[in-house]
Undergrad: 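Mind looking over this structure? Questions follow.
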Number of protein chains: 2
Amino acid sequence: MVTIKDIARKAGVSVATVSYVLNDRPVSDEMKAKVLKAIDELNYVPNEIARRLRVKKNHTIALVLPDITNPFYPDLAKGCQDVAKENGFTLIMINTEDKEEQLSGAVNQVRQGGIDGLILANAMEKDMAEVESLLETPIPVVFAHRSIESLAVDSVTADNYSGGYEAARHLIANGHEKIAFIEGLLGSTVSINRKKGFEAAMNDAELPLRPDWIVEGKTDYDTSYNGVMQLLNSSSNDRPTAIFSSSDLMAVGAMDAVKDAGMFIPDDVAIIGYDDLFMTSSLQLTTVHVPRYEIGRQAMQMLIEKINDKDTNESFQNIVLDTSLIVRNTCGSQRVY
Amino acid sequence: MVTIKDIARKAGVSVATVSYVLNDRPVSDEMKAKVLKAIDELNYVPNEIARRLRVKKNHTIALVLPDITNPFYPDLAKGCQDVAKENGFTLIMINTEDKEEQLSGAVNQVRQGGIDGLILANAMEKDMAEVESLLETPIPVVFAHRSIESLAVDSVTADNYSGGYEAARHLIANGHEKIAFIEGLLGSTVSINRKKGFEAAMNDAELPLRPDWIVEGKTDYDTSYNGVMQLLNSSSNDRPTAIFSSSDLMAVGAMDAVKDAGMFIPDDVAIIGYDDLFMTSSLQLTTVHVPRYEIGRQAMQMLIEKINDKDTNESFQNIVLDTSLIVRNTCGSQRVY
DNA sequence: TAAGGAAATCTAATCGATTAGATTGATTTT
DNA sequence: AAAATCAATCTAATCGATTAGATTTCCTTA
């Protein structure tokens with residue numbers, strides 16, 4: 001491997017001079033030419049690891065998310081990626097799978113050095129302890145999508161409450177009074193707020209919230225499919241006419257369950273989702289658009305600012321992005337299935 | 001920041017001893033106890049960057065892919081992630097977006113140090129030059145999904161030729177003789193082989209390959225949608241009865257185009273896709289399953305083996321995984337739209 | 001022309017770990 | 001009891017860069 005010493009020797013200058021050339025410090029044109037020539041001839045590239053050790057800047061950011069396989073996250077990751085790249089940062093992705101270990105892997109990585117900042121897209125109230133220990137480190141952290149409301153943190157989220165409210169309003173405006181709700185991951189602020197929005201709309205319309213019409217969800221297709229199947233069977237004489245799913249992934253599960261139960265959408269059961277995932281448009285699913293890419297972008301922007309003017313300002317920023325209702329056919333008049 | 005020196009001082013031993021404890025070298029129980037106590041009390045974590053500089057091992061692998069937002073890749077990435085994690089490696093993701101710069105970013109990262117190996121999931125024949133310069137470095141490289149057939153490399157791919165053949169056979173077995181083909185990214189081995197498989201099946205059945213029924217595709221929904229729309233309009237008196245799309249993303253575009261053109265699937269036009277992306281099952285799309293997660297896993301396994309027994313064997317491995325036809329309704333008898 | 005000052009360049013310390021090779025001390029062998 | 005052996009521990013070099021602070025060079029000014 002060719003090092004800065006080799007360049008110095010070849011060019012007949014000191015390593016300091018080579019370093020100055022590399023870092024655009026004042027150097028005479030003559031020296032600079034010699035150094036550049038040597039660099040070119042030996043095909044030299046500075047060792048980034050040595051540089052990081054000395055300078056204590058890694059230009060590396062970790063993005064922690066539950067599961068890249070969940071189609072919600074790639075867009076968010078892309079937003080992060082793009083901004084990171086624009087600013088010369090490398091991105092490391094850590095999947096926690098919403099499991100036990102959780103953040104601990106990430107926390108360890110951070111403590112080992114090598115990471116200048118973190119974006120957490122998987123925070124849950126139950127991770128408080130680990131999150132707090134993270135916040136004690138000097139490493140800047142920004143929460144994206146999911147936040148922890150009981151803690152003072154920087155965050156970029158979408159307005160889940162009003163999205164939930166609007167979705168429920170839409171169902172109600174279409175004449176539905178018997179509305180079931182598929183709940184998302186328990187303990188995530190995202191699903192909590194979507195549910196609150198739903199409940200507020202129901203209350204404002206003076207409609208009943210029936211506990212047996214709350215399908216305990218997680219995040220996945222299967223849980224939702226099974227839950228809805230059960231809902232449709234068990235309450236055969238007194239069925240909801242609409243289902244509000246707090247995520248598209250689960251809404252698709254609900255659609256398939258309705259269909260497999262031999263019923264029609266939206267005639268028998270209307271369905272509204274949440275997220276506006278890519279293929280839902282082909283499935284005709286009415287849903288709430290969430291600016292996932294933008295969440296990623298802005299979170300990364302905020303983080304990089306924090307990294308750059310470290311300890312400048314100690315106030316916290318909480319950006320909340322708007323959502324919008326995307327009306328398609330699963331709660332309209334045209335039959336989908 | 002607390003360093004190994006602080007621990008040595010606190011424990012009253014040399015830094016070497018601390019290092020030995022850290023690295024499980026023989027140390028007396030007495031010393032070990034003292035050191036562990038100091039580590040615990042000062043809450044010390046070794047600096048990974050310093051370690052990397054000295055040992056020249058980074059335990060970091062870069063995964064280069066065109067676009068994490070394309071639903072094909074997250075599963076592959078997850079496969080890589082999981083195996084990397086099992087083996088204590090960190091994963092960096094680089095999106096090239098199939099653009100100009102291409103691999104150059106990755107190549108640079110590699111030359112800077114900090115990366116022990118590369119998985120390329122975005123190789124194309126036209127990147128030969130950059131790929132060759134990569135292969136000249138001592139860094140192991142494994143090709144996943146896309147490979148470069150004219151070069152001796154390690155790779156894990158799916159059997160795109162026989163998948164394409166089987167898909168076309170299925171259409172033909174269902175009585176179709178007029179079959180259009182939506183082509184994937186030009187210059188990618190994946191789409192080349194899928195097309196070859198298609199052509200072989202057509203030839204074997206003595207069916208004509210009409211050039212005007214080849215829709216020039218890229219990878220995306222829109223190009224396909226527009227291409228199919230045009231196909232259906234222009235050849236109104238002599239239309240294909242079936243479309244073989246070389247990717248699901250484009251197949252969905254084709255489905256929507258057929259629908260928007262006021263025709264029915266499969267009655268007027270049958271459609272078969274390729275990839276078996278998640279939501280295609282809800283869309284009833286008949287397709288070819290590609291073991292994406294498994295491709296990622298095996299590629300990472302192969303890479304880590306190469307990293308570990310560097311320079312042991314110099315022969316190349318090319319693993320080709322099986323695909324399987326997933327029959328749903330877009331070429332069957334039951335109407336989808 | 002000598003002194004003073006600014007700019008360019010160099011020497012050597014440093015970042016925080018690992019690891020040869022030297023040293024120490026305990027144990028075994030004769 | 002001295003010599004030989006071996007394991008545990010230490011000292012100091014090292015990885016490849018950056019950067020204070022020292023030194024040199026060159027130009028300005030009196």
Side-chain angles (χ1 to χ4, degrees), chain A residues 1-39 42-60 88 108-116 137-138, chain B residues 1-39 42-60 88 108-116 137-138:
Chain A
M1 182 186 219
V2 22
T3 75
I4 198 171
K5 277 190 195 160
D6 300 318
I7 301 302
R9 197 174 311 121
K10 176 116 185 174
V13 302
S14 72
V15 293
T17 303
V18 179
S19 178
Y20 292 155
V21 173
L22 255 24
N23 294 285
D24 272 326
R25 306 287 194 84
V27 177
S28 70
D29 290 346
E30 181 190 12
M31 289 275 155
K32 188 166 186 171
K34 281 198 284 188
V35 170
L36 290 177
K37 183 155 167 285
I39 287 179
L42 298 184
N43 200 11
Y44 165 74
V45 179
N47 182 309
E48 180 62 21
I49 299 295
R51 178 166 216 291
R52 290 197 202 173
L53 174 60
R54 180 60 227 241
V55 181
K56 292 187 186 310
K57 290 216 175 70
N58 300 292
H59 284 280
T60 299
N108 261 4
Q109 282 248 14
V110 166
R111 301 200 55 222
Q112 283 180 166
I115 286 177
D116 298 327
T137 70
Chain B
M1 181 184 221
V2 22
T3 74
I4 199 172
K5 277 189 194 160
D6 300 317
I7 301 302
R9 198 174 310 122
K10 177 118 185 173
V13 302
S14 74
V15 293
T17 303
V18 178
S19 179
Y20 292 155
V21 173
L22 254 26
N23 293 286
D24 272 325
R25 306 288 194 84
V27 177
S28 69
D29 291 348
E30 180 191 14
M31 288 276 154
K32 189 166 185 171
K34 280 198 283 186
V35 170
L36 290 176
K37 183 157 169 282
I39 287 178
L42 298 184
N43 199 11
Y44 164 75
V45 178
N47 182 309
E48 180 61 21
I49 299 297
R51 177 164 219 292
R52 290 196 202 173
L53 173 59
R54 180 62 225 240
V55 180
K56 292 187 187 311
K57 289 215 175 71
N58 300 293
H59 283 280
T60 299
N108 260 2
Q109 282 248 14
V110 167
R111 302 201 54 224
Q112 282 178 165
I115 286 176
D116 297 327
T137 70

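Per chain, numbering begins at 1; letters A, B, ... match sequence-line order.
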Undergrad: Between P on C:dA17 and NZ on B:K57, what's the gap in Å once rounded to a whole number?
TA: 18 Å
Undergrad: Given C:dT19, is OP1 or OP2 found less than 4.0 Å from the side-chain N or O atoms of B:R25?
TA: yes
Undergrad: For side chain to side chain contact (heavy atoms under 4.5 Å, CB included), just list the numbers for B:N47 and B:T3, CA-CA rounded to whole Å, side-chain angles, deciding distance to a tenth of an Å, and then say yes or no.
TA: CA-CA 8 Å; B:N47 182 309; B:T3 74; over 6 Å; no
Undergrad: In whole Å, what is the span from the CE atom of B:M31 to the C1' atom of C:dT24?
TA: 12 Å
Undergrad: What nucleotide among D:dT18, C:dA17, C:dT9 has an atom nearest to a side-chain atom of A:V27?
TA: C:dT9
Undergrad: Among D:dT19, D:dA17, C:dG16, which nucleotide has an atom closest to any side-chain atom of A:P46?
TA: D:dA17
Undergrad: Expressed in angstrom and rounded to an integer, what is the separation of A:N58 atom CG from D:dG16 atom C1'?
TA: 16 Å
Undergrad: Run the side chain to side chain contact (heavy atoms under 4.5 Å, CB included) test on A:Y44 and A:L22 for me, step by step, so that the C-alpha distance in whole Å, both residues' side-chain angles and the decisive distance to 0.1 Å come before the verdict.
TA: CA-CA 11 Å; A:Y44 165 74; A:L22 255 24; 3.9 Å; yes
Undergrad: Rounded to whole Å, how long is the line connecting atom CG of B:D24 with atom P of C:dT18?
TA: 12 Å
Undergrad: Choosing from D:dC10, C:dA8, C:dT18, which nucleotide comes nearest the side chain of A:S28?
TA: C:dA8
Undergrad: Roughly, in whole Å, what's the span from NZ in A:K56 to P in C:dG16?
TA: 3 Å
Undergrad: What is the nucleic acid contact for A:T17, judged by heavy atoms within less than 4.0 Å: base, sugar-phosphate only, or nothing?
TA: sugar-phosphate
Undergrad: For a quick check, tell me whether the side chain of B:R54 and the base of D:dT14 share a donor-acceptor pair closer than 3.5 Å.
TA: yes
Undergrad: Could you work out which one of C:dA12, D:dT11, C:dT9 sits closest to the side chain of A:V15?
TA: C:dA12
Undergrad: For residues B:T17 and B:K34, determine if any side-chain heavy atom of one lies less than 4.5 Å from a side-chain heavy atom of the other.
TA: no
Undergrad: For the atom pair CZ (A:R111) and CE (B:M1), what is the distance rounded to the nearest 0.5 Å?
TA: 9.0 Å
Undergrad: Quick one: label A:S19 by what it contacts on the DNA or RNA (base, sugar-phosphate, nothing), any heavy atom closer than 4.0 Å.
TA: base
Undergrad: Any side-chain to backbone donor/acceptor pair from B:D116 onto B:N58? Under 3.5 Å, distance only.
TA: yes
Undergrad: Nearest to the side chain of B:Y44 - C:dT11, C:dA17, C:dT19?
TA: C:dA17
Undergrad: Using the salt bridge (charged side-chain N to carboxylate O under 4.0 Å, His left out) rule, take A:K32 and A:D29 through it: C-alpha gap first, then chi angles, then the decisive distance, then the call.
TA: CA-CA 5 Å; A:K32 188 166 186 171; A:D29 290 346; over 6 Å; no
Undergrad: Using heavy-atom distances to pick each residue's nearest nucleotide on DNA chain C, tell me which of B:V2 and A:V13 is more 5'.
TA: A:V13
Undergrad: Using a 4.0 Å heavy-atom cut-off across all strands, classify A:V18 as base, sugar-phosphate, or nothing.
TA: nothing
Undergrad: Among the candidates C:dA17, D:dC10, D:dG16, find the nucleotide nearest to the side-chain atoms of B:S14.
TA: D:dC10
Undergrad: For B:E30 and C:dA26, what is the distance between atoms CD and P respectively, to the nearest whole Å?
TA: 11 Å
Undergrad: Given atom CG of A:N23 and atom C1' of C:dA8, what is their separation to the nearest angstrom?
TA: 16 Å
Undergrad: Give the rounded distance in Å between these two atoms: CG of A:L53 and P of C:dT18.
TA: 12 Å
Undergrad: For the side chain of B:R51, counting heavy atoms from C-beta on, which of C:dG16, D:dA8, C:dA17 is nearest?
TA: C:dA17
